[in-house]
Each structure stands twice: as C-alpha cells, then as structure tokens.
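Only one structure is covered here, and it is reproduced in the block below.
We count residues from 1, following the sequence as given.
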Amino acid sequence: MIPLNSSEYPREAVALDNLSLKYMKQAGFVPLSLTDDTLKVAMAEPDDLTTIKSLELAYGCRVSALPGHIDDIMEAVERLYGINSKSIDSIIEEADKDIEEIIPHGDEDVDHLRDLAQEAPIIRLVNRLIVKAVEMKASDIHFEPFEHRFRVRYRLDGLLQEVESPPSRLQSAIISRIKIMAKLDISERRRPQDGRIKLKIGDREIDFRISTIPTHYGESLVLRILDRESLILDLTLLGFPQYLLKEWEDLISHPYGMILVTGPTGSGKTSTLYTTLDKINSPAYKIMTLEDPIEYQLDGINQIQVNPKIGFNFANGLRSIVRQDPDIILVGEIRDHETAQIAIQSALTGHLLFSTLHTNDAAGAITRLLDMKVENFLLSSTLLGILAQRLVRVICPDCKEKITPEDKLLRAMKLSRAEIDKMSFYQGKGCDECRHTGFKGRIAIFEFLAVNDIIRREIHKESSTDTIKQAALENGMLTLRQDGWKKVNNGITTVSEVLRVTIG
C-alpha cells in the first residue's frame, strides 16, 4: 500500500480518553478518525498486531491501520497531541481539577511539594507557558504571587502583558516545578536563588535564566529567555543610522583604548556589543569577554562567566584576562573603582576594551567614572567614545497608517513649527500580526559622544555632565531624542514611543 500523504493527516485531534503521547511515539501511530465502530490510524508499521489489538481492547472498536511515513506520523502526533496542541486555558482547567492545594509551612511539605511539581498537569502547564512565551518572542516571563491571585506576565517588545493566569492555589507547585527544572532548592523559600535551564523547543535550544526572590505572598520568579535566533548580528538592523555607522566602524578599528555603551537594563547594550565583537572578530585577534551572565555563545570568542560566590568578580577576572595576552576585551559592566582602574590600565597597555555603564546619557558616563575616583588624565587619554542607547517599539508594517499626532505630543517634541511641518507621522492600527498593539519588534535609538580634544579638556577640568553634554552638542552630537525624531520621521516608530524612553 502507498503511504499516506502528509496532507491526509487530520487538522484536529481525534478525541480518545487516556491516549498517551509517549505510547503513540513509541508504537509509531497517530489516530486519523473514529466512526461508530472503526478507529482509523496511520502506522509506520501497519502489520504491528500487538499495537492494533491493544487499541481494539482499549476502545472497544475495530482498528484499521494505514501505512504512513514515520516523520509525518511524529509531526502529526506532536501537532495534535503535544504541548503545542492545547491552550493554556484548557491546561489550567485540567491542573485546577486534578491538583490539590498545598500551603508550604516547613520542611515537612517538601516531599509532597516535589510530588505535586512532578504531576503531569503541572508539567504540561509550565511547559505550555514557556513554549507560548517563546512563540510570542517574549524576553521574560514573570510569575508574581499576590494575596488572592497568581499573576503571569510576558515582557513583549519591552512592555509587560498579562496572560492567562493559573489559580493562586497552584502557585507553589508551579514555582517548585520551575525550580526543579533549574536544579534549585525547593525547600529554600526565604532567600533569593538564581539558576539556568536549557530546553529544546522545536529544533532550537534555548537558555533560560531563573531568578527567585521571596515576597509577602510567596516566591516571585522571573525567567529570562535567551534565544540565540533572536540575536541580530547586524548593526544596521539594530538601528544604527548611516551617519553613525561610519563613525562607529572607525572607532572600533582602533588598536587600543576604551569604548563604553551606556543605558538602563534592557536597553540593548549586550546586543550592540555582541554585534560589534562579531564584526571585528578575526583569526588575527584574541578576543576575551568577562560577563555576568554569558547571554549568548559567540563562535571564536573566549567568554568567561564571573562567579562572585567564589570571589571571581569583574576586577579579579579582568586582572587574570590581561595575563592571557588578549587583543580585545569586553567587560560586562564597570561597577566599582577597582574594575574601572584595571580597565583603564588595560586600555593604556595596548588593549581595545569595551564595557557598559548604567547612566542616563553618554556624558553621564564620564562623570560616573570620575565619581569612581578614576584619575582625569588617565580617563582623557584612554576613552575613545561613548554610545548611549534605548529601545523603542517599531510600528507594525502590516497595519501602518499615516496620522496627525495630538497637539500635546507635538508640543512635547520641542521642535519648531517649520521642522514639524516637514515631518511625517505614522502609527499602527492594530492587527492579528502585532497582537493588536500596533507594534512589532524593537529598534535602538542612539546618542554617540566622540571623545575629541574639546571633550578631553572638559574631562581634565572634571566638568559637570551638563557642561560636557553641551560641549558635545556644539560639536554635532545628536541626543537620544533627536535620533528618535529621525526614526519617527522615517516611519519606524511613534512620537509617544520616543517620549516614553527619553528625557527631554
């Protein structure tokens, strides 16, 4: 007999009680249809009488086996009966019905809690919440306990969005399930814990960083999703405009010196630095990074994870890295005077060093380092440039339309009427492609401060942030907001998005 074509498999699952996903995969079959007295199945081995008899006994009907390719059968099994086939609502309902409540009070509950976390409905629920977040391209999943509810939210394009939340009585089992996956101590509920999970979802391996912290109503848990496929190693796609791209490429071609990227958590600094390293990566150079944590593995680059628990921090790690004869160094973050001093010394002794700081703008990075007691003459002679950045949401291309913004938004732009009249404004109406938000994806806006002789003089004088910024503006620097207005005019983002992430 000719094997079934992939188009002949059903679109909806055949409803059969107690049909095990594991059994279907092991026996190599999938149900096709069920009439009054006949169950049709596709089988990789249609003469497997043992499986056929087992199905006839289980469902009290005749089984008709048709031949199928094993790959088509496995795909149909996963699509129709796997974790992707059920909605979160139905899995929550199933778990709510089958799982009893537990309110942990001490060590005596741990074994019972571990058993609950291994129950099939809880495993399916946690898996589905994770798979859905990956499918929606979320960057984080937040599990948050409150007095009368247990909230689950996804961070989508930088903003949190609530999804179907399980009943609060399941929170202990759900949190424990994730902690078991991350090999954390489920009996420890009084201290924060950190861990990681690596899962294969579809044909992709995805890393998750886990953070728990005790709150008044239980443990709050956050999963950071690190999907290698979401890393864009292209400066133009990250948002670099042409005028800045040339300056940045010239800057990173220097043989030594220090380059900083600044911005708050979640502003895309890591993506910019990884893309920069990927661009200058060459067999002729030894590149080493010191990170906390390592978010993505980059081929040909020596990446090192700091471990403060054993005293291996940024300062100690950087001191060791320098003895490894690198050409280019990335330090995840400059947090203290010691790390700053070693970074400066590294840049002085022939290394090109990249790092990050948490400051609101580019000029603020200089005063932050001076506040860390870095000598002004050393800073002025090593610092090459500072890039500040933020992420704004991109207007959905499928529902984009031209609009006239509200007067209050136009006033907030602080541009002249002549400048505004030359600009075009767009927004997304909302469609299925963008989940009716009007936005799809994010892009960076930048503020680049090149350290020239004028800025070096201000560093020597230990000038204030405002003075340094003013000097940079007089030399042609565009602020974050000004770069944002360019992206508004190009129809990439909206006025309200730029206002949301920048200071006037």
Side-chain angles (χ1 to χ4, degrees), residues 194-198 204-210 224-235 238 248-263 265 267-336 338-358 382-387 389:
D194 296 298
R196 61 181 294 178
I197 302 171
K198 185 185 285 286
R204 292 182 289 167
E205 279 198 351
I206 298 176
D207 282 322
F208 298 83
R209 305 290 178 186
I210 317 300
R224 178 87 189 275
I225 302 171
L226 303 174
D227 183 0
R228 173 112 173 102
E229 289 192 5
S230 67
L231 183 63
I232 302 170
L233 297 174
D234 186 311
L235 292 171
L238 288 180
W248 187 250
E249 288 176 345
D250 289 344
L251 188 76
I252 63 179
S253 65
H254 278 68
Y256 56 87
M258 183 164 69
I259 299 170
L260 299 175
V261 179
T262 77
T265 301
S267 59
K269 300 187 298 296
T270 299
S271 293
T272 296
L273 287 169
Y274 277 2
T275 304
T276 299
L277 290 184
D278 185 71
K279 189 172 185 64
I280 59 179
N281 190 10
S282 160
Y285 300 125
K286 179 163 185 174
I287 303 177
M288 302 191 75
T289 75
L290 196 62
E291 304 174 60
D292 184 22
I294 296 171
E295 295 195 8
Y296 303 97
Q297 278 83 47
L298 298 174
D299 186 50
I301 293 175
N302 299 276
Q303 295 173 268
I304 303 161
Q305 169 87 47
V306 300
N307 189 349
K309 292 178 182 177
I310 60 171
F312 186 60
N313 54 26
F314 280 118
N316 294 338
L318 184 53
R319 196 178 286 112
S320 300
I321 278 179
V322 173
R323 294 195 286 268
Q324 288 279 312
D325 187 33
D327 299 289
I328 299 165
I329 301 170
L330 166 64
V331 181
E333 185 184 348
I334 294 177
R335 297 175 179 172
D336 52 46
E338 188 180 8
T339 307
Q341 281 295 121
I342 302 169
I344 293 284
Q345 291 297 330
S346 301
L348 277 171
T349 54
H351 304 95
L352 182 61
L353 185 135
F354 295 90
S355 192
T356 72
L357 281 173
H358 289 261
T382 56
L383 191 59
L384 300 175
I386 307 162
L387 185 73
Q389 67 178 76

Value for CZ (Arg319) from CG (Leu290), rounded to nearest 0.5 Å, stands at 11.5 Å
Using a cut-off of 6.0 Å, state whether more than 12 heavy atoms not belonging to Lys309 lie near its atom NZ. no
Checklist entry - Is any side-chain heavy atom of Asn281 closer than 4.5 Å to a side-chain heavy atom of Leu298? => result no
task = Decide yes or no for Ile259 and Trp248: does some side-chain heavy atom of the first lie under 4.5 Å from some side-chain heavy atom of the second?
result = yes
Between the OG1 atom in Thr270 and the CD1 atom in Ile294, the distance rounded to the nearest 0.5 Å is 12.0 Å
When you compare the side chain of Phe314 with that of Ile342, does any pair of heavy atoms fall below 4.5 Å? no
Per-pair distances, 0.1 Å, donor-acceptor, side chain in residues 323-334, under 3.5 Å, sequence neighbours excluded:
from	atom 1	to	atom 2	distance (Å)
Asp327	OD2	Lys286	N	2.7
Glu333	OE1	Arg335	NE	3.1

When rounded to the nearest 0.5 Å, the distance separating CD1 of Ile321 from CE of Met288 is 5.0 Å
Quiz item: Considering only heavy atoms from C-beta outward, does the side chain of Ile225 approach that of Phe208 to under 4.5 Å?
Solution: yes
Here the pair of heavy atoms bringing His351 nearest to Ser346 is ND1-O, 2.9 Å
Between the CD atom in Glu291 and the OH atom in Tyr274, the distance rounded to the nearest 0.5 Å is 3.0 Å
Between the CG atom in Asp207 and the CD1 atom in Ile197, the distance rounded to the nearest 0.5 Å is 10.0 Å
> Taking C-beta and beyond as the side chain, do Asn313 and Val306 meet within less than 4.5 Å on heavy atoms?
Replying inline: no
Rounded to the nearest 0.5 Å, the OG1 atom of Thr382 sits from the CG atom of Leu384 at a distance of 7.5 Å
The salt bridge (charged side-chain N to carboxylate O under 4.0 Å, His left out) partners of Arg209 (sequence neighbours excluded) come to none
Quiz item: Counting only heavy atoms not in Tyr256, do more than 12 sit closer than 6.0 Å to its OH atom?
Solution: no
Minimal heavy-atom distance between Lys269 and Gln389, with the atoms involved, is N-NE2, 3.6 Å
Side-chain donor-acceptor contact under 3.5 Å, Asp250 with Ser253: no
Closest non-hydrogen atoms of Gln305 and Asp292, given as atom of the first, atom of the second and distance, are NE2-OD1, 3.5 Å
*For Thr339 and Asp336, what are the C-alpha separation, side-chain angles and deciding distance, and is it a side chain to side chain donor-acceptor pair (under 3.5 Å)?*
CA-CA 6 Å; Thr339 307; Asp336 52 46; 2.7 Å; yes
Q) Does some side-chain heavy atom of Ile280 sit less than 4.5 Å from a side-chain heavy atom of Tyr285? A) no
Original post:
Can you check whether Leu318 reaches Glu338 side chain to side chain, under 4.5 Å on heavy atoms?
Top reply: no
Note to self: A side-chain contact here means heavy atoms from C-beta on lying under 4.5 Å apart; do Leu233 and Tyr296 qualify?
What the structure shows: no
